[in-house]
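Note that these values count all heavy atoms, side chains included, but never hydrogens, waters or copies made by symmetry. Just so it is clear, the model here is predicted, and its values are computed rather than measured.
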Amino acid sequence: MKCPFCSFEDSKVVDSRPTDEGTSIRRRRECLHCGKRFTTYETVERMPLMLIKRDGTRQAYDRQKLLNGLVKACEKRPVSLMQLEQIVDHVEQKLFGSLESEVSSKVIGELVMEQLRKVDEVAYVRFASVYRQFKDINTFMEELSTLLKDK
């Protein structure tokens, strides 16, 4: 592993422990040249996942894009970044566990809403309004009615 400080190409592992519920390994390394320490993470390489959008176009799945959408939905809400990361982790676990190489944005949206509803109802309605493209107040009220009915 190349040192981020001096670019020396050899280091030794000082400490190693599992993180993210066992999905990756955090390693503390020490450069054999300059002696500085740095952290690396080892994760399983996953198959690329293609996202099929509403208009039929395809693009590579982007975890950060999904997380950014959740951050916007939860703006000024009592939802931590850790909770949002857990939602994305759960969605990814379902997606990559299905062994499909392509998935529709609709499936991802439904999985996100299912998780977000458990965390914060206001954020859920915000996300749903963008995801389901509410056209008017009636569509919005229908979603709120469903939310209240299921309570």
Side-chain angles (χ1 to χ4, degrees), residues 1-5 11 13-30 36-151:
M1 181 66 60
K2 189 182 257 188
C3 174
F5 304 104
S11 63
V13 175
V14 179
D15 182 41
S16 184
R17 63 180 68 168
T19 60
D20 297 332
E21 298 175 8
T23 59
S24 64
I25 296 175
R26 176 185 179 270
R27 297 194 195 281
R28 285 294 291 162
R29 296 178 175 269
E30 184 176 314
K36 291 190 179 179
R37 292 186 174 192
F38 57 98
T39 304
T40 61
Y41 292 89
E42 181 181 318
T43 59
V44 173
E45 187 175 8
R46 295 182 171 156
M47 291 177 9
L49 183 65
M50 293 303 290
L51 177 70
I52 305 169
K53 298 179 77 169
R54 286 181 197 178
D55 63 3
T57 59
R58 286 170 166 69
Q59 69 180 48
Y61 166 77
D62 183 355
R63 176 188 175 92
Q64 195 58 48
K65 225 173 167 180
L66 181 57
L67 190 56
N68 290 344
L70 283 168
V71 167
K72 283 181 186 171
C74 295
E75 197 169 300
K76 297 183 182 178
R77 297 296 305 155
V79 181
S80 70
L81 185 57
M82 186 173 138
Q83 287 174 297
L84 298 179
E85 292 270 359
Q86 287 173 341
I87 290 172
V88 175
D89 288 343
H90 180 33
V91 169
E92 285 184 344
Q93 191 175 30
K94 292 253 185 184
L95 295 175
F96 290 109
S98 72
L99 300 177
E100 296 290 326
S101 60
E102 293 185 342
V103 65
S104 76
S105 59
K106 182 177 180 175
V107 169
I108 293 175
E110 293 297 329
L111 288 171
V112 168
M113 288 195 310
E114 178 184 307
Q115 295 302 308
L116 195 53
R117 188 175 191 171
K118 297 173 191 173
V119 174
D120 189 280
E121 291 176 341
V122 173
Y124 163 79
V125 172
R126 286 179 180 172
F127 188 88
S129 70
V130 173
Y131 167 70
R132 292 203 172 128
Q133 297 178 332
F134 292 168
K135 303 272 189 266
D136 55 26
I137 193 73
N138 292 329
T139 316
F140 191 78
M141 289 305 294
E142 286 172 19
E143 189 65 36
L144 287 176
S145 298
T146 304
L147 188 62
L148 289 171
K149 184 176 67 178
D150 292 345
K151 237 181 164 186

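Residue pairs meeting the side-chain hydrogen bond (donor to acceptor under 3.5 Å, both in side chains) criterion with at least one member in residues 99-113, sequence neighbours excluded, are Arg58-Glu102, Glu110-Arg132.
Once rounded to the nearest 0.5 Å, the distance linking CG of Asp120 with CD1 of Ile87 reads 9.0 Å. From Leu49, atom CG reaches atom CG of Asp62 across 11.0 Å, with rounding to the nearest 0.5 Å. Summarising the geometry, atom CG belonging to Leu84 is positioned 4.5 Å from atom SG belonging to Cys74; distances are rounded to the nearest 0.5 Å.
Listed by chain and number, the residues in a salt bridge (charged side-chain N to carboxylate O under 4.0 Å, His left out) with Arg29 amount to none (sequence neighbours excluded). Residues forming a side-chain contact (heavy atoms from CB on, under 4.5 Å) with Arg63 (at least two apart in sequence, or on another chain): Tyr61, Glu85, Val88, Asp89, Glu92. Checked against salt bridge (charged side-chain N to carboxylate O under 4.0 Å, His left out), Glu114 has no partners two or more places apart in sequence or in another chain. The side-chain hydrogen bond (donor to acceptor under 3.5 Å, both in side chains) test applied to Gln86 returns no partner, not counting sequence neighbours. Qualifying side-chain hydrogen bond (donor to acceptor under 3.5 Å, both in side chains) partners for Thr57, counting only residues two or more places apart in sequence or in other chains: Asp55.
Checking each of Leu111, Val112, Val71 against Leu66 for a side-chain contact (heavy atoms from CB on, under 4.5 Å) leaves exactly one that passes, namely Val112. Partner Ser16 forms a side-chain contact (heavy atoms from CB on, under 4.5 Å) with one of Arg26, Arg27, Glu42 and no other, that one being Arg27.
The shortest heavy-atom contact between Lys72 and Arg126 is O-NH1, 4.3 Å. Considering all non-hydrogen atoms of both residues, Phe38 and Arg28 come closest at C-NH1, 3.3 Å. Nearest heavy atom pair, residue Ser24 against residue Thr43, reads CB-CG2, 3.2 Å. Closest heavy-atom contact between Phe127 and Gly109: CE2-O, 4.0 Å.
The side-chain heavy atoms of Lys65 and Gln59, taken from C-beta on, include a pair separated by under 4.5 Å. Side chains of Leu70 and Val79 form no contact here, defined as non-hydrogen atoms less than 4.5 Å apart.
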